[in-house]
Amino acid sequence: MSGNSASWKDFLKSIASFNGDLYTLTAPPFILSPVSLVEYSQFWCEHPELFLAPNFIGGKDAKDESTLLERQIAVTKWFIATLRSQYASRNETLGTEKKPLNPFLGEVFVGKWEDSSKEKKLGDTVLLSEQVSHHPPVTAYSIINEKNNTYLSGYNEVKTQIYATSLTLNVKQYGNAILEYRDLNENYLVTLPGLHIEGLLMASPYVELDGKSYIQSSSGYITVIEFSGKGWVSGKKNSFKAKIFKDKKSMDKKGTPECTISGQWSGSSSIYYGDKYKKTTPFYDAATSSPEHLKVKPISEQHSLESRKAWKDVAEAIKEGSFEKISESKSKLENAQREKRKQETDTNSPWKVRWFKEVDDSTIPALGQKSDQPFLNLCEIGGFSKYNVPSGTFNSDAKSKTAVHWRFNDEAFKNEKEIVI
Ligand code: CLR
């Protein structure tokens, strides 16, 4: 054990008796990431061409079954392609999963993916990510492609449990993501999978996804993706099986899906239609399609609320591996934040969230009534709960009374004057 640094053993002890807030735990420097959790929203779009693909399937007004199915398959492919960056990239590039920096209230991360294609039909795609709550930590984001009128917006909030006997961290996601292809008049609800952190005992933590993710389209089509890991039937890490059904009813009947996709989300997968499993063809290969990283302004041009600028000293200390420098620079930032909150209370002027707003869905719309909000419509079509329950929970299993969600505030972003994208 060096200096004041907690050893891995001490860290495990504190995890075993932890009280629900992972960020209060002092972890040894080697497990700390110099990247703030507010940056993780970028992983939704490291394959912009897949994100935008549905726009180019059939004409804008095409609503025939085969076009709709093809778009559902395209959205499913985009989703599968996001998973490697989201859940395996730290492990693959740094050797282990890392503990991200806990974003402060109002912290933002912005940037864009520039269209590098020859045809220029994609256009630029912008990322806005903002820490909208500190206790509990909640990040909201919006990914905007104006040229194709395509929007992804959502938020993430996790609840963590520890299984003391196996020292596994069990993480449930509470947010949801809504994908809108406004020119097509089509939108999709994407539910977020559960996950657990394994390998803690060996000091080499990694993420394993579990449970299911759903992609519910306004066209009725629904994809159910089931995740499994090493210890499961296939025996391979990062495995999944996705089935696409015509609608929720067909899914519940457990009949033959329109198509089935299976394989590894961090590797390759294949697809077959109906029951023609002998005619399986390649679907997606994460190994051969490298992620396109977001373009972010140099730190010298950033606003003080921008993540990389605000965390610069801490990030450098983490890279140096100096426990003293880490805690010194972190305390500086945290104390400044505390002081800020105190001032806000004293002057009765609470912090204003920048680009997002909280929407209370508990009373609107009345039961059985249609709503223009994509989220409520999609919940109704797929039978999902609109309440604050783990992502992907169905109505009948919901056990919460609140239905408050973070949504993108288009107007606020249009009026943005300080932060340059
Ligand atoms: C955040 C939202 C992203 C997907 C995602 C990926 C990895 C998750 C992260 C979310 C939340 C925080 C998380 C992380 C993996 C590890 C980390 C659960 C859901 C915890 C806080 C760190 C545990 C510490 C050990 C590594 C020691 O879209």
Side-chain angles (χ1 to χ4, degrees), residues 6-16 18-46 78-79 81-103 109 127 129-133 136-143 152-163 167-179 190-211 213 227 238 265-266 291 294 307 318 390-392 406:
S7 70
W8 189 254
K9 232 171 124 192
D10 294 331
F11 181 58
L12 289 187
K13 272 193 212 146
S14 61
I15 284 190
F18 111 114
N19 62 0
D21 187 356
L22 272 180
Y23 288 100
T24 60
L25 305 180
T26 311
F30 81 89
I31 209 71
L32 299 178
S33 161
V35 175
S36 161
L37 199 59
V38 79
E39 285 207 20
Y40 283 37
S41 312
Q42 68 185 302
F43 300 141
W44 283 109
C45 202
E46 294 204 299
W78 158 75
F79 177 72
T82 65
L83 299 175
R84 188 186 193 194
S85 298
Q86 299 262 31
Y87 302 106
S89 55
R90 278 84 54 197
N91 201 42
E92 284 177 0
T93 57
L94 313 166
T96 66
E97 182 57 67
K98 300 265 174 171
K99 187 177 177 227
L101 297 168
N102 186 14
F109 180 66
L127 168 75
S129 182
E130 176 180 0
Q131 194 67 11
V132 293
S133 164
V138 183
T139 312
Y141 56 87
S142 189
I143 293 175
L152 174 77
S153 56
Y155 69 98
N156 48 259
E157 178 176 355
V158 301
K159 291 201 174 142
T160 317
Q161 242 184 349
I162 175 84
Y163 292 139
L167 269 184
T168 326
L169 276 179
N170 195 29
V171 180
K172 284 208 168 86
Q173 303 205 60
Y174 276 70
N176 49 59
I178 294 159
L179 175 58
V190 180
T191 77
L192 314 170
L195 55 108
H196 54 271
I197 313 275
E198 289 207 27
L200 282 170
L201 272 172
M202 319 301 287
S204 61
Y206 63 95
V207 169
E208 200 141 53
L209 295 182
D210 49 50
S213 251
F227 296 103
N238 306 337
W265 48 260
S266 56
L294 184 79
S307 184
I318 290 175
S391 197
W406 286 98

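Atoms within each ligand, like the ligands themselves, are counted from 1 in listed order.
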Kindly state if atom 8 (C) of ligand 1 has a protein heavy atom within a strict 4.0 Å cut-off, that is, under 4.0 Å?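 When distances to the protein are checked, atom 8 (C) of ligand 1 has no heavy atom within 4.0 Å.
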
Atom 13 (C) of ligand 1 within contact range, any protein heavy atom under 4.0 Å: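 No.
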
Are the side chain of R90 and the backbone of Y206 linked by a donor-acceptor contact shorter than 3.5 Å?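 Flag not set: sc R90 to bb Y206 has no pair under 3.5 Å.
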
Which residue supplies the protein heavy atom nearest to [atom], what is that atom called, and how far is it?
atom                    : result
atom 11 (C) of ligand 1 : L37 CD1, 4.0 Å
atom 5 (C) of ligand 1  : Y87 CE2, 3.8 Å
atom 21 (C) of ligand 1 : L22 CD1, 3.4 Å
atom 10 (C) of ligand 1 : Y40 CD2, 4.5 Å
atom 18 (C) of ligand 1 : V171 CG2, 4.0 Å
atom 17 (C) of ligand 1 : P100 CD, 4.1 Å

Please walk me through it: do S153 and S142 pass side-chain hydrogen bond (donor to acceptor under 3.5 Å, both in side chains)? CA-CA 4 Å; S153 56; S142 189; 4.8 Å; no

What I want to find out is whether E92 reaches R84 closely enough, with some N-O distance under 4.0 Å, to be called a salt bridge. yes

Between E198 and T168, do the side chains contain a donor N or O and an acceptor N or O under 3.5 Å apart?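 Per modelled atom types, T168 and E198 side chains form no pair under 3.5 Å.
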
Polar contact flag, side-chain donor to acceptor under 3.5 angstrom, Q131-T139: yes

Atoms of ligand 1 less than 4.0 Å from [X] heavy atoms?
X    : answer
Q173 : 19 (C)
I197 : 15 (C), 16 (C)
N156 : 2 (C)
F11  : 27 (C)

Check each heavy atom of R90 against ligand 1 and say whether those closer than 4.0 Å belong to the side chain, the backbone, both or neither. side chain

Tell me whether the rings of W265 and Y87 are parallel (<30°), tilted (30 to 60°) or perpendicular (>60°).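 Rings of W265 and Y87: perpendicular, as their planes differ by over 60°.
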
Side-chain touch I197/V207, heavy atoms, less than 4.5 angstrom: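 Side chain of I197 against side chain of V207, heavy atoms only: contact under 4.5 Å found.
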
Would you call Y174 and V158 a side-chain contact if the rule is heavy atoms closer than 4.5 Å? no

Under the criterion side chain to side chain contact (heavy atoms under 4.5 Å, CB included), I'd like the reasoning laid out for V138 against N156: C-alpha separation, chi angles, the key distance, then a yes or no. CA-CA 6 Å; V138 183; N156 48 259; over 6 Å; no

Q86 N/O to ligand 1 N/O under 3.5 Å: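 Such a contact does occur with ligand 1.
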
